[in-house]
Amino acid sequence: MPATMPSANRAALPSLDRLLNSAAGARLVERHGHALVVEHLRAVLDAQRRLLAAAPESEAAAASSLLAECGTGIEALLRPSLRPVFNCSGTVLHTNLGRALYPQAAIDAALGAMARPVNLEYDIDGAARGERDSHVEAWLKRLTGAEAAVVVNNNAAAVYLALNTLARRREVVVSRGELVEIGGSFRIPDIMASAGCKLREVGTTNRTHARDFEGAIGKSTGALMKVHTSNYTIQGFTAMVAESELAAIAARHGVPLINDLGCGMLLNLEDYGLPHEPTAREAIAAGADIVTFSGDKLLGGPQCGLIVGRRDLIARIRKNPMKRALRLDKVRLAALAAVLRLYARPDQLTTTLPTLRLLTRTASEIAALAARMLPPLSAAVADRASARVVECASQIGSGALPVASLPSAGIALLPAGKRKSAAADALAAAFRGLPIPVIGHIREGELILDLRCLEDEAGFVGQLEQLGMPATAP
Ligand SMILES: *Cc1c(COP(=O)(O)O)cnc(C)c1O
């Protein structure tokens, strides 16, 4: 029966006006405004009419339930889709969870820049600060040993801008073993093509020699490029050209060497008991003309891309019209400036820089945390699953040190019942359904919550009673 047909039940459906003028309707209007309530009530009434037209024998819904449905619909619309989660994935710099957390100093600086006018490109004191990058350039020079620095939206933009400025319509020589893909959307060959450069691969996947580079350099060479193979390693019969040797070859032929460092640590991670990751200072010292790296990986700051290197080349990069399209906004610039200043006190970084704080947490500290979390987690899953403390191996993430793992601890939740795999999925979904979703991972039928990144214990425990447990699998 078409929706326009009259029926007794449709007549029983309250009118829009009656709903709006009811006490509950007025409360909704007070809370959400007239327009939103009318829009949603119309939708709810339309849905009811279609339902009744399809099933004329059924009863029209009561006004109270129509208004409740309207309220739920408005709340769903207004609920932010981007929201905080608990990262129990075991990956510290998780790209899909937003990578590095801002240090408190960076949060304060960012808030200040958001709420008030700032001297972003305004020379207050005659110190020639008419250029936005000047707020971080001195610190980047200090921390990397480079002559100059530019900041852009992310490292992909940094690589693009460097290539486009220095080697457009020319060949860029790269070892075959370094044509990496980072997270699907960043692939060296693709970025090179979009920057207008011609990729010239040399060597083989596992071995590239100095003579391969020498042989490929010619009139059309725009640059040599080195890419830090941050998310995989090649083992066995391998050879690559040392950075200093590559730099010497580039210098001899008068072409720049661009080094895409990826993570680009600013200090020696070994000083903090972690595996070595190449630093920007080392890359500059080895002779790279341009070094690019991310701000929100191991550096522990906001999403941005840093380009450091030779003064003349940086000046050209700064003049590229695309710099304007890729530039950093005042909020992230303020945050980055604050983060770089934290590096003035390397002895305090394991406290002040969340990324380093989380990476340097010891397995025994995390195991003690897991022991504290066991009783509330056991209680929350009740008889639907059993909980136990387990050893974990955290990853740094974001491509850093792909084979290194950090000893950690967590809670394993083993669902009761038979169909373990489906039950573990349901359990994981229940934890993701919490007000602050808890993100774990499933391993052999168990939901594993690696607690390395859990700092807000009270917030974590406080919401557990809201865990909507799935029915036990039959
Ligand atoms: C992460 C990474 C990139 C991409 O950096 P984004 O900041 O994510 O744009 C490029 N190159 C290397 C080597 C990387 O590790």
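Start at 1 and go down the list; that is how both ligands and their atoms are numbered.
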key: CG on D260 to CD1 on I188, rounded to 0.5 Å   = 5.0 Å

inquiry  = I'd like to know if the side chain of E214 pairs up with that of H209 as donor and acceptor (distance under 3.5 Å, no hydrogens or angles considered).
reply    = no

remark   = Closest heavy-atom approach to atom 3 (C) of ligand 1 among T95, N155, I191 is made by N155

Flag if over 12 foreign heavy atoms under 6.0 Å of CZ, R169 = no

task = Number the atoms of ligand 1 from 1 as they appear, then name those within less than 4.0 Å of a heavy atom of A156, with their elements.
result = 5 (O), 6 (P), 9 (O)

message = I need the atoms of ligand 1 closer than 4.0 Å to a non-hydrogen atom of R99, numbered in the order shown.
response = 6 (P), 7 (O), 8 (O)

request  = Might you work through the salt bridge (charged side-chain N to carboxylate O under 4.0 Å, His left out) test for E277 and K297, ending with a clear yes or no?
outcome  = CA-CA 12 Å; E277 172 76 18; K297 292 185 181 172; over 6 Å; no

key: Exercise: identify the closest heavy-atom pair between S405 and Q395   = CB-NE2, 4.0 Å

ask   = H228 heavy atoms, cut-off 4.0 Å: which ligand 1 atoms fall inside?
value = 13 (C)

ask   = Using a heavy-atom cut-off of under 4.0 Å, does the side chain or the backbone of Q303 touch ligand 1, or both, or neither?
value = neither

query = Between S394 and R452, is any side-chain donor less than 3.5 angstrom from a side-chain acceptor?
reply = yes

request  = Return a yes/no value for D296: is any of its N or O atoms, backbone included, closer than 3.5 angstrom to an N or O of ligand 1?
outcome  = no

ask   = Within less than 4.0 angstrom of ligand 1, does D260 place any heavy atom?
value = yes

